[in-house]
Amino acid sequence: MNNQQIAQIFYEIAEILEMQDVKFKPFAYRKAAQSIEALTRDIKEIYKEGKLRDIPGVGESISKKIEELIKTGKLKAYEKLKKKMPVNLQELGSIQGMGPKTIKKLYQKLKIKNLKELERAAKLGKIRKLEGLGEKREEEILENIGFKKKTGKRFLLGLILPEAEAIKNALNQLKEVKKIELTGSLRRMKETIGDVDILAVSADPGKTMDFFAKMNDVEKVLVKGLTKSSIRLRSGINADIRLVPLNSFGSALQYMTGNKSHNIKLRNIAKDKGLKLSEYGIFKGNKQVSGKTEEEVYRKLGLRYIEPELREDTGEIDAAKKNKLPDLINYNDVKGDLQMHTNYSDGNNTVLEMAQYAKKIGHKFIAITDHAGNLKIAGGMTAREITAQGKEINKIKSIKVFHGIEANIQKNGAIDVPDNILKDIDVVIAAIHSGFKQDKTTITNRLLTAMDNKHVNIIAHPTGRLLLKRKGYEFDLQKVFDKARERGIALEINAFPDRLDLDSDKVRLAVENKVKLSIGTDAHSKEQLDFYRLGIAVARRGWANKNDIINAYSIDKLEKFLKR
DNA sequence: GCCGTTTTCGGCCCGACTGTTTTCAGTCG
């Protein structure tokens with residue numbers, strides 16, 4: 001039973017209780033499930049320490065249920081509920097428009113238990129005959145099943161951000177649009193995005209909504225009103241827009257940026273102060289006392305301004321109250337990029353082209369880190385090629401270029417490039433590229449052995465995960481942190497859109513452990529150097545300040561770090 | 001079921017849109 005599985009059971013309990021019209025309990029179970037999901041430690045450890053009730057939303061009853069789950073792997077209360085409602089909630093609930101009440105009705109009237117049965121019933125026209133449902137709902141269900149089958153539910157931040165920014169810019173061209181921002185998980189720079197949320201102020205809502213619904217990329221209009229509209233883009237992602245009065249822009253921006261539990265906490269703070277917070281502002285009775293800017297909203301609630309990337313309800317509100325928010329690294333603090341590839345291995349551009357583009361986007365330095373050693377598929381360089389590349393790098397004067405390589409950590413932890421080559425390399429990146437299926441202890445030792453190599457500077461994409469594809473291997477994080485700190489090795493925040501590895505939770509732990517981090521785009525073409533801001537976003541979401549990130553160092557300081 | 005610098009009992013975030021309704025329930029964010 002891991003954290004996610006336990007959380008899932010509580011989500012399902014919430015759902016079933018909601019079907020039974022039980023008041024308030026669903027909210028409590030959902031809250032507990034969210035907290036458990038957000039834990040950065042194994043809940044079993046917390047249980048062993050007897051500290052389950054320190055988890056927000058976990059009280060007497062839920063802590064006992066967690067104990068039962070850990071001890072027996074089962075939960076009697078859950079199984080009892082499940083008997084009354086033996087349906088695949090996760091599956092049915094993942095279809096847009098299917099909430100607890102509809103699921104319940106469909107089970108009671110048509111015995112629908114899963115997606116397959118739902119699809120069959122819809123195709124046979126059985127759903128439209130039920131009271132409270134109709135033809136349109138039936139069509140909607142069928143369509144959403146089709147949508148679910150076609151795409152996964154989430155999209156990579158790095159791929160959606162440019163598309164969303166293009167939409168924002170197009171809308172911003174309209175003269176009646178006075179203000180516009182991307183909001184939601186995009187603004188929080190979450191690694192994957194469920195949909196695109198846009199907030200705007202418009203002097204002509206009708207015209208703005210018409211434009212929004214008729215843009216080139218629109219596949220289907222889902223909802224269209226004067227304050228709120230929703231479309232599906234050809235790329236498969238949904239985009240929502242909300243129009244509000246200028247006086248409410250700040251509170252609406254706050255509200256739409258979320259996340260949900262961050263917002264709920266803020267509303268509770270407002271309430272404790274005798275105020276009411278909604279997307280339209282902060283109200284005292286009927287009088288609006290705040291809402292034009294986000295800064296003002298936080299101030300009115302007695303909080304320091306909280307950067308969007310931190311708004312995940314993981315301690316930031318408390319920190320804002322106590323004036324203990326981190327001094328986050330800024331997007332312009334990063335002065336260079338510490339992982340990229342050229343045509344010496346599997347990249348598309350030359351050393352010079354990479355350097356020129358890096359200069360253009362404002363970098364002061366880069367490290368060229370082509371594959372070396374025995375990774376043949378990625379065109380690992382030979383000793384002779386490494387020397388030739390070094391000469392080419394030395395010719396570049398417009399920007400500081402470090403000569404690096406990306407070497408492989410072999411199954412026994414050895415680096416597959418000999419020391420006599422490594423000793424002349426400025427930046428040695430080591431990474432695991434094979435043997436992902438080894439057990440936790442083996443991988444841990446492998447990483448620790450690699451970090452004992454006296455030339456290694458950076459461990460790249462430390463967990464090996466690929467977003468929406470591969471989970472990544474497990475290892476003892478604490479041991480690797482300790483070794484990195486002792487040995488003066490940085491752990492990478494790989495900024496390639498489907499990696500973002502380390503992730504922000506692990507970055508936060510690394511920062512707490514005083515481990516240095518490096519940002520590398522892993523660019524294989526010059527345009528991909530733009531991904532560096534995704535890496536900064538991960539750092540910010542991990543509460544890092546600029547001293548934690550070696551890319552924010554001056555060149556002198558960075559050179560010292562690299563010489564260890 | 002959880003929780004408390006106004007509470008150990010009495011509250012629990014708030015509003016828009018749609019479909020199937022003739023006054024509103026359900027879903028979503």
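Order of the sequence lines sets the chain letters (A, B, ...), proteins ahead of strands, with each chain counted from 1. Heavy atoms only: backbone and side chains are in, while hydrogens, waters and symmetry mates are out.
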Presence of [X] side-chain N/O under 4.0 Å of [N] phosphate oxygens OP1/OP2:
X: A:Lys260; N: B:dC28; answer: no
X: A:Lys271; N: B:dT7; answer: no
X: A:Ser230; N: B:dC28; answer: no
X: A:Lys228; N: B:dC28; answer: no

Can you tell which of [options] lies closest to the side chain of [X]?
X: A:Ile62; options: B:dG1, B:dT18, B:dT27; answer: B:dG1
X: A:Phe27; options: B:dC2, B:dG15, B:dC12; answer: B:dC12
X: A:Ser278; options: B:dG15, B:dG1, B:dC13; answer: B:dG15
X: A:Arg267; options: B:dT27, B:dG1, B:dC14; answer: B:dC14
X: A:Ile264; options: B:dC13, B:dG26, B:dC2; answer: B:dC13
X: A:Lys101; options: B:dT27, B:dG11, B:dG29; answer: B:dT27

First encountered from the 5' end of DNA chain B, between A:Asn238 and A:Ala28: A:Ala28
Nearest-nucleotide comparison on DNA chain B, the residue closer to the 5′ end among A:Asp197 and A:Ile55: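 Residue closer to the 5' terminus by nearest nucleotide: A:Ile55.
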[N] [atom2] sits how many Å from [X] [atom1], rounded?
X: A:Leu266; N: B:dC13; atom1: CG; atom2: C1'; answer: 11 Å
X: A:Arg137; N: B:dA25; atom1: CZ; atom2: P; answer: 15 Å
X: A:Leu106; N: B:dG26; atom1: CG; atom2: C1'; answer: 13 Å
X: A:Arg53; N: B:dC2; atom1: CZ; atom2: P; answer: 7 Å
X: A:Glu140; N: B:dG26; atom1: CD; atom2: C1'; answer: 11 Å
X: A:Met98; N: B:dT27; atom1: CE; atom2: P; answer: 9 Å
X: A:Arg30; N: B:dC2; atom1: CZ; atom2: P; answer: 15 Å
X: A:Leu199; N: B:dA16; atom1: CG; atom2: C1'; answer: 14 Å

NA contact type, [X], heavy-atom cut-off 4.0 Å: base, sugar-phosphate, or nothing?
X: A:Glu138; result: nothing
X: A:Lys224; result: sugar-phosphate
X: A:Pro26; result: nothing
X: A:Asp272; result: base
X: A:Lys273; result: nothing

Centroid distance under 5.5 Å and plane angle under 30°, A:Phe24 vs B:dC12: yes
Ring-face cation contact, A:Tyr107 with A:Lys111, 6.0 Å cut, 45° max: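 That pair qualifies as a cation-pi contact.
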Could you tell me how far [M] sits from [N] if I compare only their [atom1] atoms? Round to whole Å.
N: B:dT20; M: B:dT27; atom1: P; answer: 13 Å
N: B:dG29; M: B:dG10; atom1: C1'; answer: 28 Å
N: B:dC2; M: B:dT7; atom1: C1'; answer: 14 Å
N: B:dG1; M: B:dT5; atom1: P; answer: 23 Å
N: B:dC13; M: B:dT8; atom1: C1'; answer: 23 Å
N: B:dT23; M: B:dC17; atom1: C1'; answer: 16 Å
N: B:dC9; M: B:dC14; atom1: P; answer: 25 Å

Pair partner, B:dT8 [Watson-Crick or wobble, under 3.5 Å]: none
In B:dT7, glycosidic geometry as syn within 90° of 0 or anti otherwise: syn
Within residues 95-108 of chain A or reaching into it, pairs that qualify as salt bridge (Lys or Arg N to Asp or Glu O under 4.0 Å) - sequence neighbours excluded: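 Sorted result for residues 95-108 of chain A: A:Asp21-A:Lys101.
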More than 12 heavy atoms from other groups under 6.0 Å of CG on A:Asp327: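 Result for CG/A:Asp327: open.
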Residue of the set A:Glu67, A:Glu60, A:Glu68 for which salt bridge (charged side-chain N to carboxylate O under 4.0 Å, His left out) holds with A:Lys64: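 So the option named by the test is A:Glu60.
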Aromatic ring pairing A:Phe531/A:Phe496, orientation class (parallel under 30°, perpendicular over 60°, tilted between): perpendicular
Pair A:Arg508, A:Thr314: side-chain N/O donor-acceptor within cut-off below 3.5 Å: yes
Check: A:Thr257/A:Arg187 side-chain N/O donor and acceptor closer than 3.5 Å: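 Note: A:Thr257 and A:Arg187 side chains meet the donor-acceptor criterion.
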Donor/acceptor link under 3.5 angstrom from A:Tyr280 side chain onto base of B:dG15: no
Flag side-chain contact, heavy atom, 4.5 Å: A:Arg137 against A:Leu130: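 Not touching, per the 4.5 Å side-chain cut-off.
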